[in-house]
Amino acid sequence: MRTKQRVPLTVFAALAIVVAACGSTPAASPSQATASPTVAAASPTPAGPAKATPGQAVKMMLLPKFLGILPFAQANKGAQDASTELKNPTAFAFVGPTADNSVQGQIEFMTNASTQGYKVVMISNNAGDQIAPAATAAQAAGVKVVAWDSPIPSAKGENLFVAQVDFDQTGKVMADMALTLMGADGGKFAILSASPDAANQNAWIKALNDALKDPKYAKLQLVDTVYGNDQSEKSYTQAQALVAKYPDLKVIMAPTTVGIAAAAKAMQDGNLCNKVKVSGLGLPSEMVSYTLNGCAPQFALWSFVDLGYLTYYTSYLLATGAIKGVEGEQFVGGRLGTFTITKDPTRSAGLRVLMGGFKIYDKSNVEAEAK
Amino acid sequence: MTTLAVPGYLNPQNQINLLELSVEKAIVALVLAFVIVSGEIDLSIASVMGLAAVLLAWLGQRGAPFEVAIVAALLAGALCGLFNGYWVAIVGLPSLAVTLAGLIAYRGVALLLVEDRSIGGFPEWFNRLGQQPLVGPFPLALLILAAFLVIATVLLQFSGFGRYVYVVGSNREVARFSGVRVTRVKLAVFAMSGVVSAFAGVLLAARLGAVRGSTAEGFELDIVTMVLLGGVSIFGGSGSMAGVILSILVILNLRNGLALANATGNTQAGVIGALLILSVLVPNLVAAARSRPRRGRPAAAAAGQSPPVAE
């Protein structure tokens, strides 16, 4: 009987190879796999900021934490804009794992990148330092690793980080919003974060804790930090659990677009909006109803479209050799203006390109932005 | 054909990459084959991997010498395996229920130890072993996998212990009356499963350089798939190590080919799922087709080794 089992197995082996062949797309033809980073001659004199030379073929991968939520789709749109503007003949791949396989999936994409002939991986890192070995190996194979949205905490395996906002400032913005919502008397509030490995979330939470040391916020009491893993359902139940655990909770601060919307819905569904306010980082289009009905009177964000755009621009410049990715370099990031590569103040080993500041939303401006 | 569609697929480094990305699962699949051939199942493997990895990091963080932490992690794996084995082999509870409880409980302990944090900062030598090539282009984990392939094959197909495992799996009563110590064989198989899973968890920690409570979560289904697709009957008593090894190679190459072609994770899971269904269906259809011309009714005895499709 044992020998009998082997016959079908060979059938599967053959079948497997056929399926693998069918599943492939022509996007990965060998001619496109080779970009030519021989453009240094076209870059301007060392004095002025570096400018991109459009029309060069650079195969790039845009790797979000996972697929399927609006901010990453917006970043993809921004990258598309930049790709069109720079006339890159090779379309970039917008790929990513599923939310529940984010860490393993990102490591796999990073590991396969050099085999696939990518010259740049643009990653919003959700794997903490677990991505670092794969990223370092990718760099050794000639791939540039540009982080955006969420960096590699140790900066190992990372060329540059395109930061949406100053991470320390995020802490102050959240502390200010909490203070506004709770008033001068202060009170208890809690954080509803995304996943515990998200470097951006952790940096912001730390920045918030640092900001709270300012006597101005002395009456704000941070009682707990919980994780909803950027899944609506889990964030929703975590928000409910917070209210049950701390009956006198006044604010839930969620520095994640999934978390803030889920928490606002949980408070609305539970008729708790008079007691508990929700704030944090949210998308106007998802938050508009909660802002108008008073569940989430105030929140903040930056433009993910711009972030995708600047990330693509930076990566293109890096891959074509127009910039080297060292401290002090200046470059023109298309319609967003001139940027400088600096040390990342929140990560001693990292280099950062800082995009810009926050926009605070409330009922006066949320409707206009949501459209 | 895959070569034509995806350049770089046959590149030696890619073959090493695809093995390295799943080497821990492959190692556990080899030992799970013993459990399934013996007529049982161990669903707690991935949770034991996670627990071992977390315990290692937790002890390391508290200043324990790292070698001691590794031994402690392996011991914890052995304990988990023996605990499963006690309820299954000695008390006689169904392994599906026992190890399902283990899946939840061991994961729970791991989550209690580290909560929602991620622990890294392992010693340099440990990370280097996990992440750098050791001999030529091969990292340590792949060399260990190669060694395990040989050991597992010899142990299952060419040793007295291996024959006991088959006998216990095909008919427990016959085994007992033939003087096979059924309890002891089953305990040994579960203990092996625990230790090897813990070892794989340690390797995973070294490769990733950081662990968290959810490390290796969900791996059990991938690993069970590797074994079943390799022709090992879920009812025990049949299957071969060669089949499992082939199945590991097929699954990893298939996933890699699909990944290189930018197929999404969901597509990959779908294709593997379809293969698994076929792997159960085709042998049954073949067996049914063979038996039909000779007799009027299905020769259940002749096709006894193949699991019924309805299951």
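All chains are named by letter (A, B, ...) in the order of the sequence lines, taking the proteins before the strands, and each is independently numbered beginning at 1.
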Roughly how far, to the nearest 0.5 Å, is the [atom2] atom of [Y] from the [atom1] atom of [X]?
X	Y	atom1	atom2	answer
Glu108(A)	Ser22(B)	CD	OG	6.5 Å
Ile107(A)	Leu208(B)	CD1	CG	4.5 Å
Asp222(B)	Gln104(A)	CG	CD	9.5 Å
Gln130(A)	Leu204(B)	CD	CG	8.0 Å

Q. Should the heavy atoms of other residues, nucleotides or ligands under 6.0 Å from OH of Tyr236(A) be counted, would the total exceed 12?
A.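 Yes, because the 6.0 Å sphere around OH of Tyr236(A) holds more than 12 heavy atoms from other groups.
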Q: Considering only heavy atoms and a distance below 4.5 Å, find which of Thr115(A), Ile131(A), Val95(A), Asp129(A) pairs most often with chain B.
A: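 Of the candidates given, the most pairs with chain B belong to Thr115(A).
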Q. After noting the C-alpha distance and the side-chain angles of Thr111(A) and Glu20(B), does the key distance pass the side chain to side chain contact (heavy atoms under 4.5 Å, CB included) rule?
A. CA-CA 10 Å; Thr111(A) 305; Glu20(B) 198 180 355; over 6 Å; no
Q. Non-hydrogen atoms of chain A under 4.5 Å away: do they reach the side chain of Gln13(B), the backbone, both or neither?
A.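 Neither; nothing under 4.5 Å.
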Q.
Please classify the contact between Gln268(B) and chain A as side chain, backbone, both or neither, with a heavy-atom cut-off of under 4.5 Å.
A.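 Side chain only.
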Q: Give, as side chain, backbone, both or neither, the part of Ala93(A) having an atom under 4.5 angstrom from any heavy atom of chain B.
A: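 Looking at Ala93(A), just its side chain touches chain B.
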Q: Using non-hydrogen atoms and a 4.5 Å limit, figure out which bit of Thr98(A) sits close to chain B: side chain, backbone, both or neither.
A: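 Just the side chain, heavy atoms under 4.5 Å.
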Q. Among Asn256(B), Asn262(B), Leu18(B), whose side chain to side chain contact (heavy atoms under 4.5 Å, CB included) with Asn112(A) holds?
A.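 Output: one option passes, namely Asn256(B).
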Q: Search all heavy atoms of Pro133(A) against all heavy atoms of Arg207(B) and return the closest pair with its distance.
A: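 The pair with the smallest heavy-atom distance is CG-O, 3.5 Å.
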